[in-house]
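Please read the structure below before turning to the comments.
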Amino acid sequence: MPSKEEIRKLRKLSQQFAYTSIQMHEAIGRKAGMSGTDHKYLGFLLQQGEMTAGEFSVITGLTTGAVTSLIDRFEKKRLVKRQPDKADRRKVIIVPDTEKITKLFKPLYEDFQSGTEKQFAAFSSEELKVLERYFINAMEMMNHKIDTINQKQ
């Protein structure tokens, strides 16, 4: 059983990891000509693919007005396009230009991704399972917190 001090140390380290991640993504976003937050929201579109503005609002947690402004910024940079939904003309589909987005961010991430892969390769299979369990459990806790906060609104 870990001591309170060991747990406190890891919690602090986890916080510092989160803060450093924010700083890194802000620097990458700035280099790509946008905020770190916008660049991370663009990642949702890369992972999920095309979606309606309403769906984008749900997965980002942003208001529909904020999503409209975000999409305007992406469209101005020609990273996404708006396309009418063929089944329901009232809906607009946001279509990411995956090739252009990848071309923009790949040079900014390549060294970090290869470094991360090398770092993971240095762990044993058992250690990787511990890391995997931590990330899964941490995301479950965060999603629970998000749901709890959103239900109170």
Side-chain angles (χ1 to χ4, degrees), residues 10-123 128-153:
L10 280 175
R11 187 179 51 75
K12 291 279 190 190
L13 192 58
S14 180
Q15 285 176 329
Q16 191 58 50
F17 177 84
Y19 299 149
T20 304
S21 178
I22 291 167
Q23 291 171 317
M24 181 189 75
H25 291 297
E26 190 61 39
I28 289 170
R30 195 170 42 254
K31 188 73 172 177
M34 63 187 73
S35 72
T37 307
D38 281 7
H39 129 259
K40 291 310 292 177
Y41 285 136
L42 197 55
F44 283 117
L45 287 167
L46 277 178
Q47 286 184 344
Q48 304 287 325
E50 58 186 58
M51 65 184 78
T52 66
E55 291 167 334
F56 195 40
S57 176
V58 169
I59 67 167
T60 60
L62 296 171
T63 65
T64 53
V67 163
T68 298
S69 296
L70 180 62
I71 294 165
D72 288 345
R73 291 192 297 276
F74 291 159
E75 198 172 42
K76 188 176 179 182
K77 294 181 179 298
R78 296 192 169 120
L79 299 173
V80 304
K81 65 180 177 180
R82 289 176 165 100
Q83 180 176 298
D85 186 329
K86 293 178 180 114
D88 184 348
R89 294 182 315 158
R90 294 170 296 175
K91 290 183 182 178
V92 174
I93 306 294
I94 309 309
V95 181
D97 186 334
T98 306
E99 188 176 313
K100 190 169 190 173
I101 295 167
T102 302
K103 186 177 178 182
L104 177 63
F105 285 105
K106 187 176 180 181
L108 301 173
Y109 270 108
E110 246 172 351
D111 61 337
F112 180 74
Q113 287 177 335
S114 66
T116 301
E117 288 174 11
K118 285 178 188 172
Q119 186 173 10
F120 285 149
F123 289 103
L128 289 175
K129 287 177 186 169
V130 170
L131 290 171
E132 179 182 22
R133 190 173 82 228
Y134 168 78
F135 284 122
I136 289 170
N137 291 342
M139 287 186 295
E140 285 175 1
M141 286 190 300
M142 286 187 270
N143 284 323
H144 176 72
K145 185 64 177 173
I146 291 165
D147 291 345
T148 301
I149 290 170
N150 287 339
Q151 288 173 2
K152 290 179 182 178
Q153 293 179 4

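Every heavy atom of this structure was used, including side-chain atoms; hydrogens, water molecules and symmetry mates were not. Because the structure is predicted, anything quoted here is derived from the model rather than measured.
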**Message:** Could you check whether any side-chain heavy atom of Met51 comes within less than 4.5 Å of a side-chain heavy atom of Ile59, counting everything from C-beta outward?
**Reply:** yes
**Item:** Heavy-atom check, side chain of Ser35 versus side chain of Arg30, under 4.5 Å
**Value:** no
**Asked** Which pair of heavy atoms, one from Phe74 and one from Val80, lies closest together, and at what distance?
**Response** CB-CG2, 3.6 Å
**Request:** Measure up the Phe44 and Tyr41 rings against each other and bin them: parallel (under 30°), tilted (30 to 60°), perpendicular (over 60°).
**Result:** parallel
**Message:** Would Asp111 and Lys118 count as a salt bridge (Lys or Arg N to Asp or Glu O under 4.0 Å) here? Give the steps.
**Reply:** CA-CA 11 Å; Asp111 61 337; Lys118 285 178 188 172; over 6 Å; no
**From Ile136 atom CD1 to Lys129 atom NZ, the distance as rounded to the nearest 0.5 Å** = 12.0 Å
**Prompt:** So, do Ile93 and Asp85 sit near enough that their side-chain heavy atoms are less than 4.5 Å apart?
**Reply:** yes
**Enclosure of Lys91 NZ (heavy-atom neighbours >12, cutoff 6.0 Å)** = no
**Message:** Nearest 0.5 Å, please: how far is CD1 in Ile71 from CG in Leu79?
**Reply:** 12.5 Å
**Fill in**
All heavy atoms of Ser57 vs all of Thr63, minimum pair found to be OG-C, 3.8 Å
**Asked** Within a strict 4.5 Å, meaning less than it, do heavy atoms of the Leu104 and Met34 side chains meet?
**Response** yes
**Message:** Is it the case that the side chain of Ser14 and the backbone of Leu10 share a donor-acceptor pair, with hydrogens and angles ignored and the cut-off at 3.5 Å?
**Reply:** no
**Spacing of Lys40 atom NZ and Leu46 atom CG [to the nearest 0.5 Å]** = 10.0 Å
**Atom CD of Glu99 with >12 non-hydrogen neighbours under 6.0 angstrom** = no
**Asked** Within a reach of under 6.0 Å around CZ of Arg78, are more than 12 heavy atoms found that belong to other residues, nucleotides or ligands?
**Response** no
**Spacing of CD belonging to Glu55 relative to CD belonging to Gln48, to within rounding of 0.5 Å** = 9.5 Å
**Request:** Inspect the surroundings of CZ in Phe112 and state if more than 12 heavy atoms from other residues, nucleotides or ligands are less than 6.0 Å away.
**Result:** no
**Message:** For Thr68 versus Arg82, what's the shortest heavy-atom pair and its separation?
**Reply:** O-NH2, 3.5 Å
**Item:** CD1 on Ile94 to CD on Gln83, rounded to 0.5 Å
**Value:** 9.5 Å
**Item:** From CD (Gln119) to OG1 (Thr116), nearest 0.5 Å
**Value:** 6.5 Å
**Asked** Any donor and acceptor pair, going by atom type alone, linking the side chain of His39 with main-chain N or O of Gly36 inside 3.5 Å?
**Response** yes
**Asked** Can you name the nearest heavy-atom pair linking Leu42 to Ile101, along with the distance?
**Response** CD1-CD1, 3.8 Å
